[in-house]
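Being a predicted model, the structure only gives us computed values, none of them experimental. These values consider heavy atoms only, across backbone and side chains, with no hydrogens, waters or symmetry-generated copies. The chains referred to below are lettered A, B, ... by the order of the sequence lines, with proteins before strands, and numbering in each begins at 1.
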Amino acid sequence: MIKLNVNGKIHDVEVDPSTPLLWVIREQLGLTGTKFGCGISQCGACTVHLNGTPIRSCVTPVQAAVDQLITTIEGVKTYDDELHPVQQAWIDEQVPQCGYCQSGQIMSAIALLDSNPSPTDVDIDNAMSGNICRCGTYPRIRRGIKRAALAIEASGENEESING
Amino acid sequence: MGKWTRRAFISAGVLTSGVVIFGVAVRPGNRADKVRDLIAKDDESVFNVWVKIAPDNTVTAILPHAEMGQGVHTTLAMMLAEELDADWDRLEVAEAPADKEYANYALGKGFVLGDADVPAFLIDTIDGVFLTIMQAMDMQITGGSSSVPMTGQQGMRVAGAATRAVLLEAAAKSWNVPVAELSASKSQVRHEKSARTAPYSEFAQQAAALSLPPKPRLKTPDEFTLLGTDVQRIDIPAKVNGSAMFGLDATPPGMKYATVKASPVFGTNVQSVNEASIQAMPGIRKVINLGDAVAVVADGYWQAKQALDRLEVKFEENGNETVEQSEIYHQFATDMDAATANNDEIADLEIGDARNALAGADTVIEAEYRVPYLAHAAMEPMNCTAWVHDDICEIWTGTQNPLGFAAEVANALEMDLENVHLNNAYLGGGFGRRAFPDYTIQAAKIAAEVAYPVKLIWSREEDMRHDHYRQASVSRFTAGLDGDGKTTAWINQYVDKYDPVEAPYPPYDIDNQYIHYAESGTHVPWGFWRSVDHSLHAFFTESFIDEVAIAAGEDPYQYRHNMLAGQPRIQKVLDLAAEKSNWDQPLPENWGRGIAVHKSFGTIVAQVVEVEVVAGKVFPRRVTCAVDAGFAMHPDGMKAQMESGIIYGLTAALYSDISIRHGAVAQSNFHDYEMLRMNESPEIETYIINSGEKIGGAGEPGTPAIAPALVNAIYNATRKRIRELPVKMHDLTLDDLESKDVA
């Protein structure tokens with residue numbers, strides 16, 4: 001029995017510890033927002049957060065995630081259940097086309113903004129070039145990240161002004 | 001455009017739930033000569049439902065096309081809502097089930113009447129035979145950039161306008177006022193004089209009893225309030241929170257998982273399977289020999305994949321095991337030469353006397369181009385979930401052709417079509433690949449062997465190696481120029497013609513043209529690939545005209561412009577792209593600018609690419625795109641499709657190369673079939689022209705011109721002419737060194 005903390009919930013799963021986390025998330029936990037694209041860490045469709053860091057779940061054995069905080073696309077909403085600013089920016093910029101890669105794109109973008117609230121174009125290139133989009137939504141993803149960065153900054157200022 | 005809509009038959013009905021349905025259908029006994037012979041019985045009609053009005057005044061648009069990222073659900077719903085004056089904020093959308101009654105007959109109809117640019121999607125999947133019209137009418141295909149020009153223009157708008165007309169007629173009767181005094185907006189009928197307003201639902205049942213106008217007046221673009229605006233796409237909210245359901249996400253109860261391995265060499269069968277080789281592995285349920293592939297069924301995908309990798313399988317040999325890519329190109333050259341030597345050329349287009357004009361030319365320019373096979377590599381690997389139980393087969397998958405797939409499953413399992421229930425999901429990319437049913441047939445055959453639902457998932461490697469590939473091809477050109485540099489003769493020979501017919505024809509005013517081809521079949525399966533033959537011929541023709549312009553000592557844009565006097569609509573698109581790109585402005589060192597223009601699927605696209613070449617590596621930095629599709633129903637969606645087509649085409653031009661080694665595809669995954677990524681993605685600006693001409697498509701036309709615009713830009717930056725794709729195979733670094741040596 002393996003214990004996993006996914007999106008703040010503890011799950012016990014009966015699975016071979018070498019199984020990639022992707023398949024445990026999808027098949028055992030039924031969280032299908034995380035996608036399978038390549039199986040060899042080349043496309044980023046399977047990106048989830050392990051303690052806030054983006055990882056490729058298709059090559060991460062589930063045993064490496066035991067006792068860690070795993071976050072999937074289903075778990076990125078804010079505590080009051082609103083869309084994450086990155087998700088909202090994705091809607092505002094009309095980013096997705098087929099949408100299949102977008103869970104992974106959003107997970108990579110959130111991790112980028114968590115560590116770097118005002119990324120440059122080069123920062124965006126570095127953080128996002130591991131995520132392939134066959135529909136070619138890259139220009140809109142770039143705009144979406146910049147928009148989300150501004151929204152996060154603005155909400156931070158609001159909080160400060162309220163607190164202040 | 002309206003050829004068949006004038007003969008269309010519109011009808012309505014009330015369901016037991018109180019929901020009223022209006023629809024359009026093809027009327028039997030059509031007077032078009034070709035149709036009369038092809039429709040089986042005089043009293044038979046094909047009914048097609050497009051719109052529902054519920055008692056709470058919710059309007060639902062029922063759409064016979066698959067959403068694969070092109071935004072078609074939004075655009076088609078807009079087209080219906082515009083004519084219906086429906087409340088966009090309360091409009092719901094449903095994809096039609098894979099049912100004969102939702103057949104995409106517009107496609108078949110346009111084909112029969114020779115009325116439209118009907119794509120080769122009409123080649124059915126059923127037993128691989130070309131369709132008769134009745135079979136065509138059984139289709140529900142998304143492809144050929146046809147959804148908006150055909151279903152939208154001829155179905156959704158007509159249905160919306162006709163439904164609005166009967167709703168108003170019913171309201172006029174109910175209120176005892178002249179219908180001319182009524183207006184409609186946001187799903188409400190308004191009588192200004194008596195200040196009365198009521199929802200559509202109040203009149204829907206009475207309206208359903210009226211005879212619908214067969215030829216409702218459609219709005220002119222100046223009357224549009226919804227079309228031409230940038231509403232938000234309907235499918236996007238579910239695509240940012242993980243809730244959008246793709247084929248891969250189907251989860252019927254008790255489901256197990258399967259994965260398959262087909263013979264690496266196309267067209268051979270399984271010779272033997274040693275099941276003992278995986279006997280000790282955990283979670284394995286069953287090994288199934290499908291004839292041309294082996295499937296392993298297990299409790300999870302990972303277990304199935306691990307076992308399949310270890311399973312000892314032998315495949316028969318069919319003689320193709322020795323085929324190499326170089327031999328395929330050699331075969332093309334041999335067959336092209338032989339066609340000419342044996343007087344066996346297949347004429348494609350003949351205008352004037354090109355050979356004679358060439359003989360009298362002052363300058364002769366020749367060039368040969370080559371393109372490789374291409375895979376689709378949709379982000380979602382091929383997959384299908386199937387469950388055979390109680391004499392039915394349920395299918396969950398993403399397909400561009402739900403009815404065709406259901407028919408294939410019925411055929412494979414020897415079931416009646418009505419017992420195959422296909423649930424179409426969002427497609428994680430289509431690009432033509434999901435018009436081929438191989439993965440769905442496999443899933444159905446596997447499910448028929450077990451007592452539970454099975455989800456078949458292809459590995460990325462299987463997806464890459466068992467695609468239906470854009471053809472490899474060779475194209476040879478000879479052009480003759482007169483003393484003023486004007487092209488007077490254009491001779492072009494290429495290998496293998498698929499579709500659309502006009503893909504190889506240059507748009508330019510050239511008095512003498514002879515285009516012909518040779519057939520040179522290979523064992524590599526062919527498939528529709530975004531823009532089909534346009535994807536290669538635009539590269540050929542728009543690269544060669546660039547060479548001709550440069551040989552004539554002229555600016556590549558001006559040369560094209562001057563030869564488009566007879567095509568003012570195309571000329572205007574070209575001019576706009578050039579103007580917006582600042583064509584005449586100088587660029588920094590190691591930068592280059594290239595232009596190309598191409599019409600496909602009724603839409604004209606011109607693109608200017610700016611590249612920077614850094615240490616031999618090409619970076620497309622900026623793309624300026626001009627597009628005329630007649631009228632952009634959803635301008636932001638049009639822009640998104642241009643961006644998508646550009647990046648898809650740039651990926652292919654820069655990197656994509658499916659090559660045959662020992663009879664099989666050499667590439668296997670994204671490490672050796674590389675994709676354009678964020679750090680290489682150019683800035684893209686799109687400018688839309690609403691010319692008011694016939695409506696064209698959007699999903700494919702962004703792709704063809706980008707490859708030639710790119711190589712023309714590389715020439716501009718490096719003076720190196722790339723005549724074979726992909727760009728990555730050419731060493732541009734060496735040329736840099738050489739040019740420095742010379743300097």
Report summary line: chain A shares the most heavy-atom pairs under 4.5 Å, among B/Phe670, B/Tyr301, B/Phe431, with B/Tyr301
Report task. Under 4.5 Å heavy-atom distance to chain A, tell me which part of B/Ile684 shows up: side chain, backbone, both or neither. Result -> side chain
Query raised in the report: With side chains defined as the heavy atoms from C-beta onward, is the minimum distance between B/Ile647 and A/Pro139 less than 4.5 Å?
Result: yes
Requested in this report: With a 4.5 Å cut-off on heavy-atom pairs, point out which of B/Ala640, B/Gly429, B/Gly428, B/Gly300 contacts chain A the most.
Outcome: B/Ala640
Query - Any donor-acceptor N/O pair, B/Asn241 side chain to A/Glu74 backbone, under 3.5 Å - result: no
Requested in this report: Would you mind reporting whether A/Glu27 and B/Lys455 have side-chain heavy atoms less than 4.5 Å apart?
Outcome: no
Query raised in the report: Backbone N or O of B/Val240 within a donor-acceptor pair of the A/Gln87 side chain at under 3.5 Å?
Result: yes
Query raised in the report: Aromatic rings A/Tyr100 and B/Phe246: how do their planes relate, parallel, tilted or perpendicular, breaks at 30° and 60°?
Result: perpendicular
Query - Side chain / backbone / both / neither for B/Pro682 at chain A, heavy atoms under 4.5 Å - result: backbone
**Report entry** Contact class of A/Arg140 relative to chain B, heavy atoms under 4.5 angstrom
**Finding:** side chain
Query raised in the report: How about A/Trp23 and B/Tyr257: do any of their side-chain heavy atoms sit closer than 4.5 Å?
Result: no
Query raised in the report: With a 4.5 angstrom heavy-atom cut-off, which part of A/Leu22 approaches chain B: side chain, backbone, both or neither?
Result: neither
Query raised in the report: With a cut-off of 6.0 Å (strictly less than), are more than 12 heavy atoms of other residues, nucleotides or ligands near NZ of A/Lys3?
Result: no
Report task. Quick one: which of A/Val122, A/Ile91, A/Ile132, A/Asp125 has the most heavy-atom pairs under 4.5 Å with chain B, could you say? Result -> A/Ile132
Query raised in the report: Within a reach of under 6.0 Å around CG of A/Asp67, are more than 12 heavy atoms found that belong to other residues, nucleotides or ligands?
Result: no
**Report entry** Interatomic spacing from CG in B/Asn679 to CG in A/Asp121 - rounded to 0.5 Å
**Finding:** 12.0 Å
Report summary line: Highest number of heavy-atom pairs under 4.5 Å with chain B among A/Cys38, A/Gly130, A/Gly33, A/Gly30 belongs to A/Cys38
Query raised in the report: Heavy atoms, side chains only, cut-off 4.5 Å: are B/Ile457 and A/Phe36 in contact?
Result: yes
Query raised in the report: Backbone N or O of A/Gln94 within a donor-acceptor pair of the B/Gln232 side chain at under 3.5 Å?
Result: no
Requested in this report: Apply the test side chain to side chain contact (heavy atoms under 4.5 Å, CB included) to residues A/Asp16 and B/Gln303: give CA-CA distance (whole Å), side-chain angles for both, the deciding distance (0.1 Å), then the verdict.
Outcome: CA-CA 9 Å; A/Asp16 179 333; B/Gln303 291 168 318; 5.8 Å; no
Query raised in the report: Measuring heavy-atom distances to chain A, does B/Ala244 have an atom under 4.5 Å in its side chain, in its backbone, in both, or in neither?
Result: backbone
Requested in this report: Look at atom CD of A/Gln63 and say whether more than 12 heavy atoms of other residues, nucleotides or ligands are closer to it than 6.0 Å.
Outcome: yes
Requested in this report: Select one option (side chain, backbone, both, neither) describing which atoms of A/Asn131 are under 4.5 Å from chain B's heavy atoms.
Outcome: backbone
**Report entry** Spacing of CE belonging to B/Met379 relative to SG belonging to A/Cys133, to within rounding of 0.5 Å
**Finding:** 7.5 Å
Query raised in the report: Does a donor on one side chain sit under 3.5 Å from an acceptor on the other, for A/Gln97 and B/Gln641?
Result: yes
Requested in this report: Would you confirm whether A/Arg134, through its side chain, and B/Ala377, through its main-chain N or O, come within 3.5 Å as a donor-acceptor pair?
Outcome: yes
Report task. Provide the closest heavy-atom pair for B/Arg677 versus A/Ser129 in the form atom of the first, atom of the second, distance. Result -> NH1-O, 2.8 Å
Report summary line: Closest non-hydrogen contact found for A/Cys98 with B/Met68 is CB-O, 3.3 Å
Query raised in the report: Counting heavy-atom pairs under 4.5 Å to chain A, which of B/His376, B/Gln306, B/Lys305, B/Glu680 comes out on top?
Result: B/His376
Query raised in the report: Heavy-atom distance under 4.5 Å between the side chains of B/Met678 and A/Ile141, does that happen here?
Result: yes
Report summary line: For B/Trp302 and A/Ser18 the tightest heavy-atom approach is NE1-O, 4.1 Å
**Report entry** Segment of B/Asp235 engaging chain A (4.5 angstrom heavy-atom cut-off)
**Finding:** side chain
Query raised in the report: Stepwise, does the salt bridge (Lys or Arg N to Asp or Glu O under 4.0 Å) test hold for A/Lys35 with B/Glu380?
Result: CA-CA 8 Å; A/Lys35 303 304 187 197; B/Glu380 182 189 14; over 6 Å; no
Query raised in the report: How many angstroms lie between atom OG of B/Ser668 and atom CD1 of A/Ile40, to the nearest 0.5 angstrom?
Result: 6.5 Å
Query - Side-chain donor/acceptor of B/Ser644 to backbone N/O of A/Cys135, under 3.5 Å - result: yes
Requested in this report: Please report the shortest heavy-atom distance between B/Lys239 and A/Pro96, naming the atom on each side.
Outcome: CB-CB, 4.0 Å
Requested in this report: Measure distances from B/Lys256 to the heavy atoms of chain A and classify the residue's part below 4.5 Å as side chain, backbone, both or neither.
Outcome: neither
